[in-house]
Amino acid sequence: MLTEIVLPGQVEPEGLQVRTRPLPEPGPGQALVEVEASGVSFAEQQMRRGKYYDQPPFPFVPGYDLVGKVVATGAGVDPALRGGRFAVLTKTGGWSTHTLVDAGDLVPVPDGVGAAEAETVVVNGITAWQMLHRVAKVRSGGTILVLGANGGVGSTLVQLARHAGIRVIGTASPRHHAAVRALGAVPLDYRDPDLTARVRELAPGGVDAVFDHVGGEGIIDSFRLLTRGGTLVSYGTAATRDVAGSSRMPVLKLFGRLLLWNLLPNGRGAHFYNLWAGRRRLDSYQARMRADLGQVLALLSSGEFSAQVAARIPLSEAAKAMRLAESGTVTGKVVLVMGAEKQAAEDTGRDSAEGGLRLVGRGAGRTDGQSAR
């Protein structure tokens with residue numbers, strides 16, 4: 001049996017459900033992974049609101065990425081993979097004790113790196129590495145602005161940039177300034193009404209790149225802070241996370257604005273980073289992901305990069321993990337860890353082969369006056 005967290009609809013975190021069911025058999029090209037850790041990303045926060053751009057229809061199992069051990073392989077997959085620990089980018093399905101993945105998506109985790117530590121750099125590490133080195137292509141000696149430098153992607157981006165010899169200005173609330181400074185960035189208060197002027201004081205000629213996950217009208221200031229030849233990399237729409245309405249409209253509006261800016265004759269570039277771009281050419285996409293995440297994991301293994309684990313929380317307490325991740329009070333990434341859930345699923349399997357469903361919290365979240373059940 002396996003245990004998994006189900007997102008039944010647009011519910012509060014307490015409306016998440018715990019389900020047990022029989023273990024699936026891996027099909028051709030697949031591997032069954034016993035999950036050790038899975039993260040709580042901004043994507044899941046958007047998904048529970050129905051605001052993620054291309055999320056699947058409800059109900060589904062969240063979990064954008066994971067780290068775990070291969071316990072079974074399907075036809076056409078090297079059986080030597082069994083027993084190895086791997087990181088996997090999944091988009092959904094990671095909040096489970098076991099899950100099926102495409103064997104081509106498996107990225108080896110170096111020996112000596114813990115599951116929770118490795119988990120913090122899967123989606124965050126790929127995103128940060130590719131934005132910095134493949135999109136913005138900032139060189140050593142340059143200066144960048146990272147919005148939300150205390151967050152999962154932000155803290156990873158700061159470290160990768162500093163390792164590459166790049167100066168970093170990072171925004172965060174004052175409570176996180178010490179942590180941001182420890183990572184090697186110059187911290188600024190993101191709520192400072194004169195934030196643009198503060199950045200200009202540190203970079204009078206403008207910055208070489210701005211990494212903006214906020215979107216909204218503030219992205220205009222992000223573009224204006226660029227030096228000639230600089231690059232704006234937008235990778236989210238956090239400003240509209242809690243705004244009712246279509247999940248697509250904020251993204252489409254942002255796309256249109258970035259496209260228009262690219263047409264201006266000022267030497268600046270504007271891009272929207274999409275982690276899943278290019279997946280239609282699956283082999284090259286997977287090779288690129290293995291190469292980029294492999295670089296980050298190697299830095300983590302060598303000690304040149306530190307994992308920012310905000311908290312380790314059991315899978316069965318996913319509601320607590322979601323609340324913490326959404327609170328804005330932590331530095332790094334909240335990680336769901338498996339263990340007790342595996343034993344519980346085994347016990348459940350002895351009683352029923354059909355599985356069961358229960359709420360994570362004592363009360364279900366409600367939508368449109370209806371119980372999440």
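Only a predicted model underlies this, so the values are computations on that prediction, with no experimental measurement involved.
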Value for OG1 (Thr196) from CZ (Arg224), rounded to nearest 0.5 Å, stands at 8.5 Å

So CE of Met47 and NZ of Lys51: to nearest 0.5 Å the spacing works out to 14.0 Å

Should side-chain heavy atoms under 4.5 Å link Ile, Leu, Val, Met, Phe, Trp and Tyr, which residues sit in the same cluster as Leu32?
Val71, Leu100

Pairwise side-chain contact, Ile5 with Gln17, heavy-atom cut-off 4.5 Å (strictly under):
no

So do Thr92 and Pro56 actually touch side chain to side chain, heavy atoms under 4.5 Å?
yes

Between Arg49 and Glu326, is the closest basic N to carboxylate O distance under 4.0 Å?
yes

Going by atom types alone, do Thr156 and Gln308 pair a side-chain donor with an acceptor below 3.5 Å?
no

Please check if any side-chain donor atom of Asp208 sits under 3.5 Å from a side-chain acceptor atom of Thr143, or the reverse.
no

Please answer whether the main-chain N or O of Ala116 pairs with a side-chain N or O of Glu119 as donor and acceptor at a distance below 3.5 Å.
no

Stepwise, does the side chain to side chain contact (heavy atoms under 4.5 Å, CB included) test hold for Arg21 with Leu2?
CA-CA 6 Å; Arg21 62 184 178 88; Leu2 64 78; 3.8 Å; yes

Go through the steps to decide whether Thr73 and Arg82 satisfy the test side-chain hydrogen bond (donor to acceptor under 3.5 Å, both in side chains), and finish with yes or no.
CA-CA 7 Å; Thr73 53; Arg82 297 173 193 169; 3.0 Å; yes

Gln130 and Ile126, any side-chain heavy atoms less than 4.5 Å apart:
yes

Using 30° and 60° as the class limits, which term best fits the ring planes of His133 and Trp129: parallel, tilted or perpendicular?
tilted

Just grab all the ring-ring contact (aromatic ring centres under 6.0 Å, His included) pairs involving residues 297-325, residues at least two apart or on different chains.
none

Roughly how far apart are Asp212 CG and Ser222 OG, rounded to 0.5 Å?
3.5 Å

Taking only residues two or more places apart in sequence, or in another chain, which ones meet Arg280 in a salt bridge (charged side-chain N to carboxylate O under 4.0 Å, His left out)?
none

Please test Tyr64 against Glu44 for side-chain hydrogen bond (donor to acceptor under 3.5 Å, both in side chains), starting from the C-alpha separation and ending with a verdict.
CA-CA 7 Å; Tyr64 216 82; Glu44 287 92 13; over 6 Å; no

Is there a side-chain contact between Val153 and Lys333 in this structure, where contact means two heavy atoms from C-beta onward sitting under 4.5 Å apart?
no

Note: Arg191 and Pro174 closest approach over all heavy atoms is NH2-CD, 3.4 Å

For residues Trp276 and Tyr285, determine if any side-chain heavy atom of one lies less than 4.5 Å from a side-chain heavy atom of the other.
yes

Without swapping roles, check the side chain of Ser38 against the backbone of Asp65 for a donor-acceptor pair under 3.5 Å.
yes

State, with a plain yes or no, whether a side-chain heavy atom of Phe86 is found less than 4.5 Å away from one of Lys69.
no

Go through Glu117 and Val67 one step at a time and tell me if the side chain to side chain contact (heavy atoms under 4.5 Å, CB included) criterion holds.
CA-CA 9 Å; Glu117 286 72 21; Val67 171; over 6 Å; no

Contacts satisfying side chain to side chain donor-acceptor pair (under 3.5 Å) that involve residues 177-190 (not counting sequence neighbours) are none

Do Leu264 and Asn262 make a side-chain contact, defined as non-hydrogen atoms from C-beta onward lying under 4.5 Å apart?
no

Is the backbone of Thr3 close enough, under 3.5 Å, to the side chain of Thr97 for a donor and an acceptor to pair up by distance?
yes

N/O donor-acceptor pair under 3.5 Å between Gln295 side chain and Asp292 backbone
no

Side chains of Glu36 and Met338, heavy atoms from C-beta outward: is any pair under 4.5 Å?
no

Between Arg85 and Asp111, is there a salt bridge with N-O shorter than 4.0 Å?
no

Before we go on, tell me: are the rings of Phe255 and Phe272 under 6.0 Å apart, centre to centre?
yes

Taking only residues two or more places apart in sequence, or in another chain, which ones meet Arg279 in a salt bridge (charged side-chain N to carboxylate O under 4.0 Å, His left out)?
Asp105

Can you pull out every salt bridge (Lys or Arg N to Asp or Glu O under 4.0 Å) where at least one residue sits in residues 249-262? Sequence neighbours excluded, please.
Glu217-Lys253, Glu217-Arg257

At their closest point, which heavy atom of Ser306 faces which heavy atom of Leu300, and how far apart are they?
C-CD1, 4.1 Å

Ignoring hydrogens and angles, tell me if any N or O in the side chain of Arg290 forms a donor-acceptor pair with the backbone of Gly104 under 3.5 Å.
yes

Please lay out, stage by stage, how Trp261 and Leu226 fare under the test side chain to side chain contact (heavy atoms under 4.5 Å, CB included).
CA-CA 12 Å; Trp261 285 342; Leu226 294 173; over 6 Å; no

Would you call Lys320-Glu14 a salt bridge at under 4.0 Å N-O?
no

Any side-chain to backbone donor/acceptor pair from Arg162 onto Gly184? Under 3.5 Å, distance only.
yes

Exceeds 12 heavy-atom contacts within 6.0 angstrom, atom CD of Glu201
yes

